[in-house]
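Heads up: the structure comes next, in structure tokens.
Position 1 is the first residue of the sequence, and the numbers go up from there. Order of appearance sets the numbers: ligands from 1, and atoms from 1 within every ligand. Since the structure is predicted, the reported quantities are computational estimates derived from the model, not experimental observations.
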Amino acid sequence: MLAPPLQRLVTELSKLPGIGNRTAQRLAFHVLRTSEADAFALAEAIRDVKLKITLCEICFNLAEGPRCAICLDERRDLSTLCVVEEPQDVIPIERTHEYRGLYHVLGGALSPIDGVDPEDLKLSELFARVENAPADAPVREVVLATNPTTTGEATALYVADRLRTSAPEVTVTRLASGLPVGADLEYADEVTLGKALAGRRAL
Ligand SMILES: [Zn+2]
């Protein structure tokens, strides 16, 4: 019923999470009505995000270039690493202003049922960062900030177990409770997350 170019836009938009066919149609008609400048700006922003955003070579956070803004910031505390599942988990922790260390983004959580094994995550890179840290800038603490879900907990325990033997001098901590069980870090408010960070405990 729709002209093919419009139908194509509806099809592409309906692939987005949470966008059903009716919403996709509404958005497509909106794009059609909007100015050329606005429509092309949207298209270009989508293109840029795919072409320009890479993963930081040190921590695997999102970066524009080889290293992310946090790894490039000389004021950060090199002795503390905060381990998170996804790049979007860095944002709420930064918003708390409670944390001045560096990050390590795993790219997911261990879930053997879903076929996510240790080699599918940036785990060997994490262990190398901790175990091979230069003598003048050793890692003293690893904060496990994976989600308080079954897979997030399993991942935290896996990392803690390994570091206990390979780097016994490093303190391994986990975010304190206060975070809603089963929820994603991404949706936690600053106060809750700030308290959870401040009250982290050894694992
Ligand atoms: Zn980085």
Side-chain angles (χ1 to χ4, degrees), residues 45-111 116-149 151-163 166-167 169-176 179 184-190 192-194 196-198 200 203:
I46 292 173
R47 204 183 134 76
D48 268 8
V49 101
K50 293 308 289 179
L51 292 178
K52 293 184 180 165
I53 303 288
T54 55
L55 293 184
C56 172
E57 62 186 6
I58 297 175
C59 74
F60 306 97
N61 187 13
L62 301 180
E64 199 180 340
R67 293 190 181 182
C68 75
I70 295 171
C71 286
L72 287 172
D73 184 349
E74 287 174 1
R75 292 163 303 175
R76 304 294 296 216
D77 171 12
L78 302 177
S79 72
T80 313
L81 294 188
C82 180
V83 178
V84 294
E85 293 181 22
E86 300 290 351
Q88 58 263 38
D89 297 332
V90 170
I91 300 159
I93 296 176
E94 284 297 289
R95 268 202 314 252
T96 68
H97 302 291
E98 289 271 350
Y99 184 70
R100 298 301 305 155
L102 299 177
Y103 289 90
H104 191 90
V105 182
L106 293 174
L110 289 175
S111 182
V116 184
D117 296 312
E119 59 273 19
D120 299 315
L121 305 176
K122 302 293 184 193
L123 281 164
S124 57
E125 291 86 348
L126 168 65
F127 300 138
R129 276 182 87 183
V130 177
E131 293 157 16
N132 308 334
D136 59 339
V139 175
R140 297 185 200 283
E141 181 180 357
V142 172
V143 184
L144 297 169
T146 50
N147 290 319
T149 54
T151 54
E153 292 294 350
T155 309
L157 287 176
Y158 179 89
V159 173
D161 267 354
R162 156 76 184 242
L163 291 178
S166 70
E169 70 287 358
V170 174
T171 306
V172 179
T173 56
R174 180 91 174 105
L175 292 190
L179 290 173
D184 276 4
L185 220 55
E186 199 185 336
Y187 304 114
D189 67 277
E190 292 93 291
T192 306
L193 192 55
L197 254 176
R200 65 185 185 268
L203 203 70

Inset, instruction - Flag the pair Glu169 and Arg140 as a salt bridge only when some basic side-chain nitrogen lies within less than 4.0 angstrom of an acidic carboxylate oxygen. - result: no

Inset, instruction - Ignoring hydrogens and angles, state whether a donor on the side chain of Tyr103 or Glu94 is under 3.5 Å from an acceptor on the partner side chain. - result: yes

Legend entry - Atoms of the protein (N/O/S only) found under 2.8 Å from the Zn ion (ligand 1): Cys56 SG, Cys59 SG, Cys68 SG, Cys71 SG

Legend entry - Side chains of Glu85 and Thr146, donor plus acceptor under 3.5 Å: no

Inset, instruction - Could you give me the CA-CA distance, side-chain angles and deciding distance for Leu110 and Leu123, then say whether side-chain contact (heavy atoms from CB on, under 4.5 Å) is met? - result: CA-CA 10 Å; Leu110 289 175; Leu123 281 164; 4.2 Å; yes

Legend entry - Main-chain N/O of Thr149 paired to Asn147 side chain as donor or acceptor, under 3.5 Å: no

Legend entry - Any residue meeting salt bridge (Lys or Arg N to Asp or Glu O under 4.0 Å) with Asp120, in chain and number order, not counting sequence neighbours: none

